[in-house]
Amino acid sequence: MIDLAKKLNPQQCETASETEGAFLVIAGAGSGKTRTITYRIANMLDKGIPQSAILALTFTNKAAREMEQRIKELTGRKLTKLTISTFHAFGVKILRESITRLGYKENFSIYDQTDKISLIKEAARSLKIDPGTLDLYNLTNVFSSIKTGREVWSPETSQYKDIYNEYNDLLKLYNAADFDDLIVLPIKIFQDHPDVLAEYQARYRYIMVDEFQDTSKIQYTMVHLLAQKSGNICVVGDDDQSIYSWRGANYDNIIQFEKDFPDVREIKLEQNYRSTGTILDAANSVIAHNTKRKNKSLWSKSGEGLPISVNYPENEAKEADFIADTIILLKGRGDLKFDDFGILIRTNSLAANIEDALLREAIPYSVSGGTSFFTRKEIKDIISYMRVMTNPDDDISLLRVINTPRRGVGKKALETITGFGKEKHCSVFRAIKDLTAMENSPLPDKLKGQLDDFIHLIFNYKEKFSTGRNMSATLNALVDDINYWGYLVMEYQKNEKEAKWKYKNIMTFINLMDRWEKDPDNEDVNLYSYLNRITLITRDDAQGDEGGKVNLMTIHAAKGLEFKVVFLAGCEDAIIPHARALEDDPDNIEEERRLFYVAVTRAMERLYITSCRTRHHQNEDMICIPSRFLEEIPSGLTKASEPEKPLTEEEKMTRIMSKFSRFKGNIK
DNA sequence: CGTCTCCAGGTTTTT
DNA sequence: CCTGGAGACG
């Protein structure tokens, strides 16, 4: 038995010890939120609540993994029946069990952003609309908003209604689900089939939601459906750290929660255990400028600590050098490890320069975000092969690999094949199979032979994979068989390094699979679950935390993490707050401020802020203005290593010009 | 008919 | 600066 009162402060203790009923826990930054949840679950297990009755929903895979690890350590139990996962992974779990209720077949594919764009193109083409005239990236967002109920069709968007409908028809036809479907379809199952819902309600009688402030409306709907029966639900969040409203995360959820569970008990965790007094004061001062927030005040017993260092490097290269040099310097003192450092940036594009400097100084680092490993072209190619094997209806993946490596399948041949498929209402895979077997096929004989080989290859490897044994070796053989290396050499003739690098990525991918299938805790070893898994893993894969790497990531990705030393780079106006955020809605300034607040509160001991004087952007040297949030930090808390020089008349002029051009550039 | 090459455009944040 | 699409070539 764990003595909660001894390990936790009174508010934490209350949260952890009361397991029945509805709870709303407002947990400030660094207030020991994860610790509290961990103890709460451990306490449930102590009380004899079965693992299988507990569902904990987190925001990222990493958070889920960490929580599981901590509970394991705390209780010393095996946790095979406990469900700790992200909303999306939980959605996949439900769909794998019940998607046939909606008329889908079992091995559905999950489409990421890239697949989604391909599919929208496909939908447009089938409606005789030239995809070239569309802003596809933008459409992915519009469709997402519509599907999740965040927005309704507006005069500007309603012209895309037909494409949207076609897009959804195709998804179903291809037996595929996009990310939104992973939440929307389970809800549909629950609503259409009360018996299924009742089953899940009976199974998950104790539900916890972490980072509740970032739950979207539909995610909340899903949780509410599950929890309304038992009424045992505990949501934990911090409105000041709500940074995903653009994705449908909604403050209204807190209000809705209070309505849906009128007996809710509200607990506030306000003691901060993470940061020095200086850092906390700075954070508090900044966030106080926001008007829409629940009242709370973070306090701490720790001392004031060091002043916050604010620097104004000449340009982004100097900024990167400063960060790298400072890491070397602090590391040299011996009491810090590389993974005690976090470098936070507003946008992924800021990472490149910093990576350069870290590489040059031979500082080991890991970047999260940006083009995720699994969305790299070469990796997607390989994944698509495997997807076709698990789901032959997946036309998008099939079209991706049919001519990769090149098999002489060009535009004309593709037209014939897809045309045939449309006519016969069958998948492209089926069409290829039929067309190659046909007597007087419209395809030339040479191509028929090639395609026949392709079909056999798919069947052959599907068979090998289906044993569920040694899948990484099978994959290795597949990569050899299709001569992917030869393909890379061809494609990157002038750049052998690139080809080698891409091939190395594939080898890494195979190794990852090997590790995964040999993991003794893994109870579900088959190709399909692997594919599901990697589609949902994105930025936080780098679980190789051997303790030796500096962390470079976006502020969004840093949510829930803490570092002894934090660098906040690119603290310039138009970066944070981001120019695009402020364009239409001035209310967005509050979210940008929360983002800044999240960044500051990641720091435990030292905080370095850099704001470049100039920055190279789109082939132009732009003059930069320091972020307006810097002014919101009381000057007594900072130490400017390099005070800003007053502007010359000429500089003022350029600044106005650059502002103007930036503004112009951002209209539509 | 498939492939190669040049040119325009473009990502804020993520599951 | 890098990616993807359109047009010329083999």
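Chain identifiers are assigned alphabetically (A, B, ...) following the order of the sequence lines, protein sequences preceding nucleic acid strands; residue numbering begins at 1 within each chain.
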For Asn138(A) and Asn141(A), take the nucleotide of DNA chain B holding the closest heavy atom to each; which residue's nucleotide lies nearer the 5' end?
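The residue whose closest nucleotide sits nearer the 5' end is Asn138(A).
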On DNA chain B, compare the nucleotides closest to Leu595(A) and Lys412(A); which residue's is nearer the 5' end?
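Closer to the 5' end of DNA chain B: Lys412(A).
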Under 4.0 Å, counting only non-hydrogen atoms across every strand here, what does Ala413(A) touch: a base, just sugar-phosphate, or nothing?
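Counting heavy atoms under 4.0 Å across all strands, the contact made by Ala413(A) is with sugar-phosphate only.
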Looking across every strand, which nucleic acid part, if any, lies under 4.0 Å from Asp112(A) by heavy atom: base, sugar-phosphate, or nothing?
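Since no nucleic acid heavy atom lies under 4.0 Å of Asp112(A), the category is nothing.
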Are Lys116(A) and Phe143(A) in a cation-pi setup, meaning NZ or CZ lies under 6.0 angstrom from the ring centre and within 45 degrees of the ring axis?
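No, Lys116(A) does not sit over the ring of Phe143(A).
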State whether Asn348(A) places a side-chain N or O below 4.0 Å from either non-bridging phosphate oxygen (OP1 or OP2) of dT11(B).
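No.
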Give a yes/no answer on whether the side chain of Lys121(A) brings an N or O atom under 4.0 Å of OP1 or OP2 in dG5(C).
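For dG5(C), OP1/OP2 do have a side-chain N/O of Lys121(A) under 4.0 Å.
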Please determine, for the side chain of [X], which listed nucleotide ([options]) has the closest atom?
X	options	value
Arg406(A)	dC4(B), dT12(B), dT14(B)	dC4(B)
Lys377(A)	dT14(B), dT12(B), dG4(C)	dG4(C)
Arg346(A)	dT15(B), dT14(B), dT12(B)	dT12(B)
Thr347(A)	dG2(B), dT12(B), dT3(B)	dT12(B)
Thr86(A)	dC1(B), dT13(B), dT15(B)	dT15(B)
Thr554(A)	dT12(B), dT13(B), dT15(B)	dT13(B)
Asn403(A)	dT3(B), dT15(B), dT14(B)	dT3(B)

With the 90 degree cut-off around zero defining syn, does dT11(B) come out syn or anti?
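Because its glycosidic torsion lies within 90° of 0, dT11(B) adopts the syn conformation.
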Using whole Å, report how far [atom1] of [X] lies from [atom2] of [N].
X	N	atom1	atom2	answer
Ile589(A)	dT12(B)	CD1	P	17 Å
Ile555(A)	dT14(B)	CD1	C1'	14 Å
Tyr597(A)	dT13(B)	OH	C1'	19 Å
Leu139(A)	dG10(B)	CG	P	13 Å
Leu443(A)	dG2(B)	CG	P	10 Å

With centres under 5.5 Å and planes under 30° as the test, does Trp246(A) stack with dT13(B)?
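Yes, Trp246(A) stacks on the base of dT13(B), since the ring centres sit under 5.5 Å apart and the planes are within 30°.
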Donor-acceptor pair under 3.5 Å, Arg580(A) side chain vs dT12(B) base:
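No pair found.
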Does a distance-only test, which skips hydrogens and angles, find a donor-acceptor pair under 3.5 Å between the side chain of His88(A) and the base of dT15(B)?
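Present.
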Does the Ser242(A) side chain pair with the main chain of Asp239(A), one donor and one acceptor, at a distance under 3.5 Å?
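Flag not set: sc Ser242(A) to bb Asp239(A) has no pair under 3.5 Å.
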Give a yes or no on whether the backbone of Trp246(A) and the side-chain of Arg150(A) come within a donor-acceptor separation of less than 3.5 Å.
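Such a contact is found between Arg150(A) side chain and Trp246(A) backbone.
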Are [X] and [Y] linked by a side-chain donor-acceptor pair shorter than 3.5 Å?
X	Y	result
Asn391(A)	Tyr174(A)	no
Glu316(A)	Asn353(A)	no
Tyr365(A)	Glu355(A)	yes

